[in-house]
A.B. asks: 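The structure under discussion is supplied below as structure tokens; questions concerning it will follow.
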Amino acid sequence: MTQTISVTINGKSYQHDVEPRLLLVHYLREVVGLTGAHIACETSLCGACTVEVNGRAIKSCTMFAVQADGAKIVTVEGLAEADGKLHRLQEGFWNEHGLQCGFCTPGMLMVSKQILDRNPAPTEAEIRDGLEGNLCRCTGYQHIVKAVQAAAKAGV
Ligand code: FES
Ligand code: FES
């Protein structure tokens, strides 16, 4: 049994027939071909799969694709401009060495976007609080916090 869903992803419309059990992260990666959202824990602990659904950062392993029917989704692939100009958060992560292996980075970028969308000038404590649901095994978080601070500064 399948169900037809229509979604807008990074400004492009898609319509697919999907099984109701298909998780949103698997839909994005395997059906749409956008592999930026990573899969690690699949139990909503790590945040590697974070994308934006209707303006909110969501762990896409916690949601079925059919629940996203009609939604506007932004993935990490949609952060940069069409001409390739990086988003200020991507610049921040680059300049402040906010990544090492990079596995957590797509999720970190998407949750950082939500932090700045909600509060363009967050304190360090507010940034750390916003990043709480996303895990990184490499960086110790300090450089990620600095990257978000740099992006906030660039947006002022
Ligand atoms: S893979 Fe979704 S939270 Fe870890
Ligand atoms: S940079 Fe390796 S998990 Fe975060």
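What you see is a predicted model; the values in this text were computed from it and never measured. Both counts, for ligands and for their atoms, begin at 1 and track the order of listing.
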A.B. asks: Apply the test side chain to side chain donor-acceptor pair (under 3.5 Å) to residues Glu19 and His26: give CA-CA distance (whole Å), side-chain angles for both, the deciding distance (0.1 Å), then the verdict.
C.D. replies: CA-CA 11 Å; Glu19 287 190 32; His26 291 295; over 6 Å; no
A.B. asks: Check atom 4 (Fe) of ligand 2 and write out every protein N, O or S atom at under 2.8 Å, as residue and atom.
C.D. replies: Cys104 SG, Cys136 SG
A.B. asks: Tally every protein N/O/S atom whose distance to atom 2 (Fe) of ligand 1 is less than 2.8 Å; waters are neither shown nor counted.
C.D. replies: 2
A.B. asks: Going by the salt bridge (Lys or Arg N to Asp or Glu O under 4.0 Å) test, which pairs reach into residues 135-151, not counting sequence neighbours?
C.D. replies: none
A.B. asks: Not counting sequence neighbours, which residues clear side chain to side chain donor-acceptor pair (under 3.5 Å) with Asp83? List them please.
C.D. replies: none
A.B. asks: What distance separates Asn10 CG from Glu52 CD, expressed to the nearest 0.5 Å?
C.D. replies: 9.5 Å
A.B. asks: For Thr35 and Arg29, work out which heavy atoms get closest and say how close.
C.D. replies: O-NH1, 2.9 Å
A.B. asks: Under a 4.5 Å side-chain heavy-atom rule over Ile, Leu, Val, Met, Phe, Trp and Tyr, are Leu99 and Met110 clustered together?
C.D. replies: yes
A.B. asks: Might you work through the side-chain contact (heavy atoms from CB on, under 4.5 Å) test for Leu22 and Phe64, ending with a clear yes or no?
C.D. replies: CA-CA 6 Å; Leu22 185 70; Phe64 293 112; over 6 Å; no
A.B. asks: Same cluster or not: Val74 versus Val148, using hydrophobic residues (I, L, V, M, F, W, Y) connected whenever any side-chain heavy atoms lie under 4.5 Å apart?
C.D. replies: yes
A.B. asks: Might you work through the side-chain contact (heavy atoms from CB on, under 4.5 Å) test for Thr50 and Ile58, ending with a clear yes or no?
C.D. replies: CA-CA 5 Å; Thr50 305; Ile58 298 285; over 6 Å; no
